[in-house]
Undergrad: 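Mind looking over this structure? Questions follow.
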Amino acid sequence: MRGRNGERWRAPYACDPAASRGRLIGEPASPTRSDFQRDRDRVVHSAAFRRLKHKTQVFVHHEGDHYRTRLTHTLEVSQIARALARALGLDEDLAEALALAHDLGHTPFGHTGEDALHACMAGQGGFDHNAQALRLVTRLERRYAAFDGLNLTWETLEGLVKHNGPLLTPAGAPMPRYARTGIPAAITEYSAVQDLALATHPGAEAQVAALADDIAYDAHDLDDGLRADLFGLDDLREVPFLAGLLAEIAALHPGLDRSRVVHELTRRVITRFVEDVIAETERRLARLAPADADAIRCAGAPVAAFSDPVAAADRDIKTFLFARMYRHPGVMAVRARAAGIVQDLFGAFTGDPGRMPEEWRAGLSGPADPRTPRRVADYIAGMTDNYAVSQHRRLFATTPDLHWVTWPGGRD
């Protein structure tokens, strides 16, 4: 069923673009697209989105054409988010916009780069990729004549900063993950201008986009880890949920070749997780009976979620991947070298901001300028893997080799 501007029917508890809390800077409505469709399109056409093509997911960009990058991960998350939103009667365009934007703030070299930049910025408020995504879409993207950033709707910005849930307790204290560092300044400063209601949960579209992120990287990291021979199919039997899926595949398709087994496994992970989220979320919605999107925000707990058994399976998969993939000696060796590149670049640019391009050094008085560290962090965070390496080669006599295939059996 179609509605305004080509939109599909949505449930009463879905976010409605016609009832949006609006943009910071008012704009005329589009005659052909909803506000959430415009948000999605602005994200896709942003420079930050294009740079995801050459940003690491787990493996650095040059290790093989079939491993995921931030861009391919983002597209997988988007597909799953739309499927969940459609099944639950949510606004698909908002869910898609949030999925496409959720990793815009990531640094080169994946979480390694983020950890390194956070350490470099320890005395300057640290570095948080969700806060960086907000900086990008509200300040750093400079494309439009009337404003900096993308001037996205309140609902998209809310979902972006609440990707991991509320940032404040109902009493106004930082949630445990921010208890030591405090809420990132980029978020508190923006929320002071356009209140993002940091103590409530986000709308249901943001909740399903966050779950889509978990589903996508569980499945594709299993696929990439198997492809790289970091572990084998037999190793996956340590995880009861995966053991059950492997037994099912063997019973239905005896003698199936390895590559097809891997694909059958990953597609079943996605399917079972998606179907579980739909069923569990429908149960929670039936209990809550929310009349509108704000009832979802004020529910006090997520409405979109895994059931308890599948949540346990999700934790088991993440525990397995942490030990066997993210902490694999070959991967860890490259992580250390990649972190060194980020640290070197930060030191070089904060020591001499004139080494940065004009658009980044403009207005800075030098190393002592209090704005310099954050400006340098913004510059480095926007780099792709290969651009970071090229900048290191420009500034330093030697640059670490980031190839990680150093164990027997490593292959693409």
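Every value quoted in this text rests on a predicted model; they were computed, and no experiment measured them.
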Undergrad: For F349 and L395: C-alpha separation, side-chain torsions, deciding distance, then whether side chain to side chain contact (heavy atoms under 4.5 Å, CB included) applies.
TA: CA-CA 10 Å; F349 293 134; L395 296 169; 3.7 Å; yes
Undergrad: Go through V43 and D39 one step at a time and tell me if the side chain to side chain contact (heavy atoms under 4.5 Å, CB included) criterion holds.
TA: CA-CA 6 Å; V43 169; D39 283 1; 5.6 Å; no
Undergrad: Do R375 side-chain atoms and A362 backbone N/O form a donor-acceptor pair below 3.5 Å?
TA: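 Side chain of R375 to backbone of A362, a donor-acceptor pair under 3.5 Å: yes, one is there.
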Undergrad: Has H118 got a side-chain atom pairing as donor or acceptor with F127's backbone, closer than 3.5 angstrom?
TA: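 Indeed, once roles are kept as given, a pair shorter than 3.5 Å links the two residues.
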Undergrad: Side chain of R82, backbone of A95: donor and acceptor closer than 3.5 Å?
TA: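 Such a contact is absent between R82 side chain and A95 backbone.
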Undergrad: Does the side chain of T112 pick up a donor-acceptor pair with the side chain of R335 at under 3.5 Å?
TA: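 On atom types as modelled, these side chains qualify, holding a pair under 3.5 Å.
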Undergrad: Can you tell me if R142 has over 12 outside heavy atoms packed within less than 6.0 Å of its CZ?
TA: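 Yes.
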Undergrad: Do H102 and H73 have their ring centres less than 6.0 Å from each other?
TA: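 They qualify: ring centres under 6.0 Å apart.
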Undergrad: Taking V303's backbone N and O only, do any of them form a donor-acceptor pair with Q207's side chain (distance below 3.5 Å, no angle check)?
TA: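 The answer is yes, because a donor-acceptor pair under 3.5 Å joins these two groups.
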Undergrad: Less than 4.5 Å apart, any side-chain heavy atom of M175 and any of L168?
TA: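 No; the side chains remain at least 4.5 Å from each other.
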Undergrad: How are the rings of W360 and Y379 set to each other: parallel, tilted or perpendicular (split at 30° and 60°)?
TA: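 Taking Y379 first and then W360, their aromatic rings sit tilted (interplane angle of 30° to 60°).
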Undergrad: Say whether Q391 and R394, considering side chains only, have a donor N or O and an acceptor N or O under 3.5 Å apart.
TA: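 Yes, side-chain donor-acceptor contact under 3.5 Å.
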Undergrad: Salt bridge (charged side-chain N to carboxylate O under 4.0 Å, His left out), that's the test. Do D148 and R139 meet it? Break it down for me.
TA: CA-CA 5 Å; D148 288 339; R139 182 182 302 183; over 6 Å; no
Undergrad: Looking only at atom types and distance, does a side-chain atom of E205 sit under 3.5 Å from a main-chain N or O of E92, one as donor and one as acceptor?
TA: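 It does not hold such a pair.
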Undergrad: Using every non-hydrogen atom in the two residues, find where T266 and A219 come nearest and quote the distance to one decimal.
TA: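 Result for this residue pair: CG2-O, 3.5 Å.
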Undergrad: Are I215 and V277 close enough, and set up right, to give a side chain to side chain contact (heavy atoms under 4.5 Å, CB included), and what steps lead you there?
TA: CA-CA 10 Å; I215 294 168; V277 168; 4.3 Å; yes
Undergrad: Of all the heavy-atom pairs spanning A81 and A209, show the shortest one and how long it is.
TA: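 What the structure gives for the nearest pair is CB-CA, 4.1 Å.
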Undergrad: Within this structure, what is the CD-OG1 distance for the pair E275 and T271, rounded to the nearest 0.5 Å?
TA: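 One gets 6.0 Å once the value is rounded to the nearest 0.5 Å.
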Undergrad: Does the separation of the ring centres of F241 and F273 fall below 6.0 angstrom?
TA: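 Yes.
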Undergrad: Give me the atom names and distance for the closest heavy-atom approach of L364 to P353.
TA: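 Taking L364 first and P353 second, the nearest heavy atoms are CD1-CB, 4.0 Å.
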Undergrad: If we ignore hydrogens and angles and just use 3.5 Å, is the side chain of K162 paired with the main-chain N or O of A197 as donor and acceptor?
TA: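 Yes.
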Undergrad: Does the side chain of T107 come under 3.5 Å of the side chain of E114 through a donor N or O and an acceptor N or O?
TA: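 Per modelled atom types, T107 and E114 side chains form no pair under 3.5 Å.
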Undergrad: With a 3.5 Å distance limit and no angle check, can you tell me whether D369 reaches the backbone of S365 through a side-chain donor-acceptor pair?
TA: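 Yes: the side chain of D369 pairs with the backbone of S365.
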Undergrad: Any side-chain heavy-atom pair from V77 and Y217 closer than 4.5 angstrom?
TA: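 With C-beta onward as the side chain, the pair stays apart.
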Undergrad: Tell me, do D16 and D292 make a side-chain contact under 4.5 Å, heavy atoms counted?
TA: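 Heavy-atom side-chain distance check fails, nothing below 4.5 Å.
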Undergrad: Output yes when D385 and K55 qualify as a salt bridge under the 4.0 Å nitrogen-oxygen rule, no when they do not.
TA: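 A salt bridge is absent here (no side-chain N lies under 4.0 Å from a carboxylate O).
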Undergrad: Between R135 and D378, does a salt bridge (charged side-chain N to carboxylate O under 4.0 Å, His left out) hold up when you go through it step by step?
TA: CA-CA 9 Å; R135 283 177 65 78; D378 287 340; 2.5 Å; yes
Undergrad: So that I can tick it off, tell me whether D276 and R272 are bridged by a salt bridge, with the cut-off set at under 4.0 angstrom between side-chain N and carboxylate O.
TA: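 No salt bridge links R272 with D276.
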Undergrad: Strictly below 4.0 Å, N to O, side chains only: are D223 and R267 in salt-bridge contact?
TA: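 No.
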Undergrad: In Å, rounded to the nearest 0.5 Å, how long is the span from CZ of R283 to CG of L288?
TA: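 Answer for the CZ-CG pair, R283 versus L288, is 15.0 Å.
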Undergrad: Closest heavy-atom contact between A304 and T281?
TA: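 Looking at all heavy atoms of both residues, the closest pair is CA-OG1, 3.2 Å.
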Undergrad: So do the side chains of L402 and I341 get within less than 4.5 Å of each other, counting heavy atoms only?
TA: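 Sidechains of I341 and L402: in contact.
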Undergrad: Is any side-chain heavy atom of R40 closer than 4.5 Å to one of S78?
TA: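 Side-chain contact under 4.5 Å: no.
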Undergrad: Tell me, please, whether Y144 has R42 positioned over its six-membered ring: NZ or CZ under 6.0 Å from the ring centre and within 45 degrees of its axis?
TA: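 Yes - R42 lies over the ring of Y144, closer than 6.0 Å to its centre and within 45° of its axis.
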Undergrad: Mind checking the CG-CZ spacing from L24 to F147? Nearest 0.5 Å is all I need.
TA: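 Interatomic distance, L24 CG to F147 CZ, rounded to 0.5 Å: 10.0 Å.
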Undergrad: So L160 and N130, do their side chains get closer than 4.5 Å, heavy atoms only?
TA: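 No, side chains not in contact.
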Undergrad: Within the 4.5 Å heavy-atom criterion, are V137 and N151 side-chain neighbours or not?
TA: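 Result no, sub-4.5 Å side-chain heavy-atom pair not found.
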Undergrad: Looking only at atom types and distance, does a side-chain atom of D103 sit under 3.5 Å from a main-chain N or O of R70, one as donor and one as acceptor?
TA: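 It does not hold such a pair.
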Undergrad: Is a side-chain N or O of S30 found less than 3.5 angstrom from the main chain of R38, in a donor-acceptor match?
TA: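 It does not hold such a pair.
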Undergrad: Does CZ in R237 sit with more than 12 non-hydrogen atoms of other residues, nucleotides or ligands closer than 6.0 Å?
TA: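 Check passes, neighbour count above 12.
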Undergrad: Apply side chain to side chain donor-acceptor pair (under 3.5 Å) to T153 and D35, showing your working.
TA: CA-CA 7 Å; T153 60; D35 280 348; over 6 Å; no
Undergrad: When you check the side-chain N and O atoms of D213 and H163, is any donor under 3.5 Å from an acceptor?
TA: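 Side chains of D213 and H163: pair found under 3.5 Å.
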Undergrad: Give me the ring orientation class for H392 and F396: parallel if the planes are under 30° apart, tilted from 30 to 60°, perpendicular past 60°.
TA: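 Judged by the thresholds at 30° and 60°, the geometry between H392 and F396 is parallel.
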Undergrad: What is the distance from atom CG of L285 to atom CD1 of I296, rounded to the nearest 0.5 Å?
TA: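 It is 5.0 Å, given to the nearest 0.5 Å.
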Undergrad: What pair of heavy atoms forms the shortest contact from D221 to M325, and how long is it?
TA: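 For D221 and M325, the tightest heavy-atom pair comes out as O-SD, 3.3 Å.
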Undergrad: L52 and side chain to side chain contact (heavy atoms under 4.5 Å, CB included): which partner among T74, T384, T69?
TA: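 The residue from T74, T384, T69 that satisfies side chain to side chain contact (heavy atoms under 4.5 Å, CB included) with L52 turns out to be T74.
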Undergrad: Going through the checks in order, is the salt bridge (charged side-chain N to carboxylate O under 4.0 Å, His left out) test met by R268 and E264?
TA: CA-CA 6 Å; R268 279 171 168 74; E264 288 294 322; 2.3 Å; yes
Undergrad: Q37 and side chain to side chain contact (heavy atoms under 4.5 Å, CB included): which partner among D91, L94, D93?
TA: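 One option only clears the test, and that one is D93.
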Undergrad: Between W154 and D195, is there a donor-acceptor pair closer than 3.5 Å when you use the side chain of the first and the backbone of the second?
TA: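 Yes.
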Undergrad: Given the rule in the salt bridge (charged side-chain N to carboxylate O under 4.0 Å, His left out) test, do E158 and R297 qualify, once you have shown the distances and angles that lead to the verdict?
TA: CA-CA 11 Å; E158 178 216 24; R297 294 186 174 95; 2.9 Å; yes
Undergrad: For the residue pair Y387 and P108, establish whether any side-chain heavy-atom pair is separated by less than 4.5 Å.
TA: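 No, side chains not in contact.
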Undergrad: Looking only at heavy atoms, which two atoms of T156 and L98 are closest? And how far apart?
TA: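 Heavy atoms only, the tightest pair is O-CD2, 3.2 Å.
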Undergrad: To the nearest 0.5 angstrom, please state how far the NZ atom of K318 sits from the CG atom of D214.
TA: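 Rounded to the nearest 0.5 Å, the NZ-CG separation comes to 4.0 Å.
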Undergrad: Atom CG of L226 and atom CZ of R324: how far apart are they, to the nearest 0.5 Å?
TA: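 If I round to the nearest 0.5 Å, the distance is 10.5 Å.
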